A.B. asks: 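One structure is given below, represented as structure tokens, and several questions about it will come after.
Values below: every heavy atom of this structure, side chains too, minus hydrogens, waters and symmetry copies. A quick note: this is a predicted structure, and the numbers were derived from the prediction, not measured. Here, residue 1 is the first one in the sequence, and each next residue gets the next number.
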Amino acid sequence: MALKVAVEELYTFRDHYFENHKAESVDQKINDLSEQLNKTLKIFSDQTDELNGLKKAEYDLLKAKALNVLPDFNSEALDILTRVVKFHPKLIEAWNELGTCFWKKGDIKAAKSCFESALREEKNAESLRSLSMILRQVGQTPEEKLAKIHESLEKAKEAVNLNIQDGKSWYILGNAYLSLYFSTDQNPNLLKQCLSAYNHAFSDASMKCNPDLYYNWAMALKYDENYRMALDYLEKAMIYDPFWNEPKEQLEMLVKHLENIEHMIIKKGRMKSRKLKDLKSSLQKELIPSSLSETYTDKKGQTVILERCKFSCLQEGLNAGKIITGKVICHVYCTDSPSFTFCMIDEEESCFCVNVYNMVQGKGVIIGDSVAIHQPFLQHFNFSFHDKKFSFSSIRVNSPLQLEVNKKKLGRDMLAAPRLSVTLKSD
């Protein structure tokens, strides 16, 4: 059908715009898209003769879909689709398009109702994906919001199960996992599931120029401390949407943060040699009376014995059964850092950074504190990004409950409450 092909080409023009155009401003893209829309609508005006019944409904549906290509709410599309679903309530695509109209209008409740109406007619990926996105934007109390995010995850899984080749469904699933990660205790397993879903999404050629995929993927990679890929994907998000400021801002902040970490490790917190010597001496005195191991009771009530270890003896990855103790020499601040970051030295004056996740904001450790890390997870970074080179080591701490500060194990009052920021930008 010529009209269907024309509408598909219109959406391809929009979704792949920056692959084929070098716009001077975001307004130019909108103007070019509006011009393309007018060309498409002219095809509709040439084919209005002898349309009735279902053919008329399909014609109206395609016209409304064309009008919906622009980012702003279109009242004509809403009027057309309202009429279509009234007389042809089994047209699933009409319900989905109507839901999109209400969503753009800011009527989330009506949009949700439309997607649910489509699902009552037939289970379909588009409605499930849209509901997954909407559910992450509703709920009043923290408990309600968390319940809706869990429901969102289930809808996204259903969409994937309908077609495991559909990259968009995998992308929505990745976003649902990422939302759950931020809304709970930042379980690393949720982050791995998120990254796996994004990887599946990327295998679909239709998603390879989606800036939102690259941006969200980069945010997940940043929390996973895969900094090299995070920088690459932020840059790709900038390429496929050059007028979207957030990827550029996030890239600049991440580069600056990595530079600060490396600088503070090399300069040992810019601390004077005398002060370093005093801290090292103090640490050695604290460790002398200590045994070569430490015993504590885990959350399951089992006794765990940890062997004391110097930084130079740690293996890359998880050092199960080990504990390392050092002195805090500096903090590394970043406006949008996912972790509380500081540098410390051990008894040999080896300097390394520590990233603590889920720490209550405004709390943490101060310079001079003795910090013991249970079962440290060590990573070595050595990579280049354009003309910048990064080489440093860090220990990842997923929870402050893994820390002892001044020989006192941190309690649950140091755990940050789950936090999730939601915007109306589509997935």
Side-chain angles (χ1 to χ4, degrees), residues 188 224-225 227 257-258 260-298 302-332 339-359 364-383 389-410 414:
D224 197 45
E225 295 188 8
Y227 300 124
H257 187 52
L258 296 175
N260 287 342
I261 289 174
E262 186 174 44
H263 176 76
M264 287 299 191
I265 291 174
I266 292 171
K267 297 295 183 181
K268 294 188 176 178
R270 295 200 292 260
M271 187 171 281
K272 292 181 179 180
S273 58
R274 179 61 184 236
K275 180 65 174 175
L276 274 172
K277 186 178 178 181
D278 289 345
L279 285 177
K280 178 182 174 182
S281 176
S282 173
L283 177 62
Q284 289 171 335
K285 287 176 183 177
E286 290 175 21
L287 294 175
I288 286 173
S290 303
S291 66
L292 296 176
S293 63
E294 181 174 319
T295 302
Y296 80 99
T297 303
D298 67 12
Q302 297 176 330
T303 299
V304 178
I305 299 175
L306 298 176
E307 177 190 349
R308 293 202 172 278
C309 191
K310 300 171 184 175
F311 182 77
S312 60
C313 298
L314 294 179
Q315 303 294 316
E316 189 162 15
L318 180 65
N319 288 265
K322 305 285 186 182
I323 184 171
I324 183 172
T325 304
K327 286 281 188 178
V328 178
I329 60 170
C330 71
H331 298 130
V332 184
S339 63
F340 175 75
T341 303
F342 59 92
C343 294
M344 55 191 272
I345 57 167
D346 70 355
E347 61 210 87
E348 294 181 330
E349 212 176 300
S350 297
C351 187
F352 52 93
C353 100
V354 180
N355 293 318
V356 185
Y357 294 82
N358 287 302
M359 178 81 83
V365 298
I366 61 175
I367 293 171
D369 277 347
S370 293
V371 176
I373 304 172
H374 295 192
Q375 308 193 90
F377 187 91
L378 175 65
Q379 295 186 93
H380 297 303
F381 299 97
N382 189 2
F383 65 89
K389 292 184 179 180
F390 300 100
S391 182
F392 62 90
S393 298
S394 75
I395 291 177
R396 180 188 181 103
V397 180
N398 286 322
S399 167
L401 301 182
Q402 288 177 249
L403 300 179
E404 286 180 24
V405 179
N406 300 323
K407 298 186 178 180
K408 181 181 178 182
K409 200 167 188 302
L410 296 185
M414 297 297 287

A.B. asks: Among Thr341, Val397, Leu403, which one satisfies side chain to side chain contact (heavy atoms under 4.5 Å, CB included) with Met359?
C.D. replies: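 Among Thr341, Val397, Leu403, the one meeting side chain to side chain contact (heavy atoms under 4.5 Å, CB included) with Met359 is Leu403.
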A.B. asks: Is the shortest heavy-atom distance from the side chain of Pro188 to the side chain of Asn398 under 4.5 Å?
C.D. replies: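 Pro188 vs Asn398: side chains touch.
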A.B. asks: Work out which heavy atom in Val356 is nearest to a heavy atom in Ser399; give both atom names and the distance.
C.D. replies: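 In terms of heavy atoms, the two residues are closest at CG1-C, 4.5 Å.
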A.B. asks: Counting heavy atoms not belonging to Glu348, are there more than 12 under 6.0 Å from its CD?
C.D. replies: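 Above 12, so yes.
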A.B. asks: Counting distance only, does the side-chain N/O of Lys268 pair as donor-acceptor with the main-chain N or O of Glu349 below 3.5 Å?
C.D. replies: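 Side chain of Lys268 to backbone of Glu349: a pair is present.
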A.B. asks: Of all heavy-atom pairs between Gly368 and Leu279, which one has the smallest distance, and what is that distance?
C.D. replies: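 Closest heavy-atom pair between Gly368 and Leu279: CA-CD2, 3.9 Å.
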A.B. asks: Would you compute the distance between atom CD1 of Ile261 and atom CZ of Phe390 and round it to the nearest 0.5 angstrom?
C.D. replies: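 Rounded to the nearest 0.5 Å, the CD1-CZ separation comes to 9.5 Å.
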A.B. asks: Atom CD1 of Ile324 and atom CZ of Phe352: how far apart are they, to the nearest 0.5 Å?
C.D. replies: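 If I round to the nearest 0.5 Å, the distance is 4.0 Å.
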A.B. asks: Using side-chain heavy atoms (C-beta onward) and a distance below 4.5 Å, is Cys351 in contact with Ile329?
C.D. replies: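 Yes. Closest side-chain heavy atoms under 4.5 Å.
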A.B. asks: Are His374 and Lys409 side-chain neighbours, meaning at least one heavy-atom pair lies under 4.5 Å?
C.D. replies: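 Heavy-atom side-chain distance check passes, below 4.5 Å.
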A.B. asks: Between Gly326 and Leu283, what is the shortest heavy-atom contact and its length?
C.D. replies: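 Closest heavy-atom pair between Gly326 and Leu283: CA-CD2, 3.8 Å.
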A.B. asks: What residue among Glu225, Arg396, Gln379 forms side chain to side chain donor-acceptor pair (under 3.5 Å) with Asn355?
C.D. replies: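 Exactly one candidate clears the test, Glu225.
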A.B. asks: With rounding to the nearest 0.5 Å, note down the distance linking NZ in Lys310 to NZ in Lys322.
C.D. replies: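 One gets 12.5 Å once the value is rounded to the nearest 0.5 Å.
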A.B. asks: Is there a side-chain contact between Lys389 and Glu262, using heavy atoms and a 4.5 Å cut-off?
C.D. replies: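 No, too far: nothing below the 4.5 Å cut-off.
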A.B. asks: Measure across Ser393 and Ile265 and return the closest heavy-atom pair with its distance rounded to 0.1 Å.
C.D. replies: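 Looks like O-CD1, 3.7 Å.
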A.B. asks: Please report the interatomic distance CZ(Phe377) to CD(Glu316), rounded to the nearest 0.5 Å.
C.D. replies: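 Interatomic distance, Phe377 CZ to Glu316 CD, rounded to 0.5 Å: 8.0 Å.
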A.B. asks: Which heavy-atom pair separates Ile366 from His331 by the least distance, and what is that distance?
C.D. replies: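 Scanning both residues, the minimum pair turns out to be CA-NE2, 3.8 Å.
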A.B. asks: Is it the case that the side chain of Asn319 and the backbone of Gly317 share a donor-acceptor pair, with hydrogens and angles ignored and the cut-off at 3.5 Å?
C.D. replies: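 Yes, because the side chain of Asn319 sits within donor-acceptor range (under 3.5 Å) of the backbone of Gly317.
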A.B. asks: Heavy-atom distance under 4.5 Å between the side chains of Glu347 and Arg308, does that happen here?
C.D. replies: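 They are not in side-chain contact.
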A.B. asks: Any non-hydrogen side-chain atom of Leu314 less than 4.5 Å from a side-chain atom of Ile395?
C.D. replies: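 Sidechains of Ile395 and Leu314: in contact.
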A.B. asks: Taking the six-membered ring for Trp, are Tyr227 and Phe381 closer than 6.0 Å centroid to centroid?
C.D. replies: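 Centroid distance Tyr227-Phe381: below 6.0 Å, so yes.
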A.B. asks: If we only count heavy atoms from C-beta on, is the Met344 to Ile373 side-chain gap below 4.5 Å?
C.D. replies: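 Contact flag for Met344/Ile373 side chains = yes.
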A.B. asks: Mind checking the CE-SG spacing from Met264 to Cys343? Nearest 0.5 Å is all I need.
C.D. replies: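 Here the interatomic distance stands at 7.5 Å.
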A.B. asks: Is there a donor-acceptor contact under 3.5 Å from the side chain of Asp346 to the main chain of Phe311?
C.D. replies: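 Answer holds: yes.
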A.B. asks: Quick one: closest heavy-atom pair of Lys327 and Ser282, and the distance?
C.D. replies: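 Looks like NZ-OG, 3.5 Å.
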A.B. asks: Less than 4.5 Å apart, side chain to side chain, heavy atoms only: is that true for Lys407 and Ser370?
C.D. replies: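 A side-chain contact under 4.5 Å is absent here.
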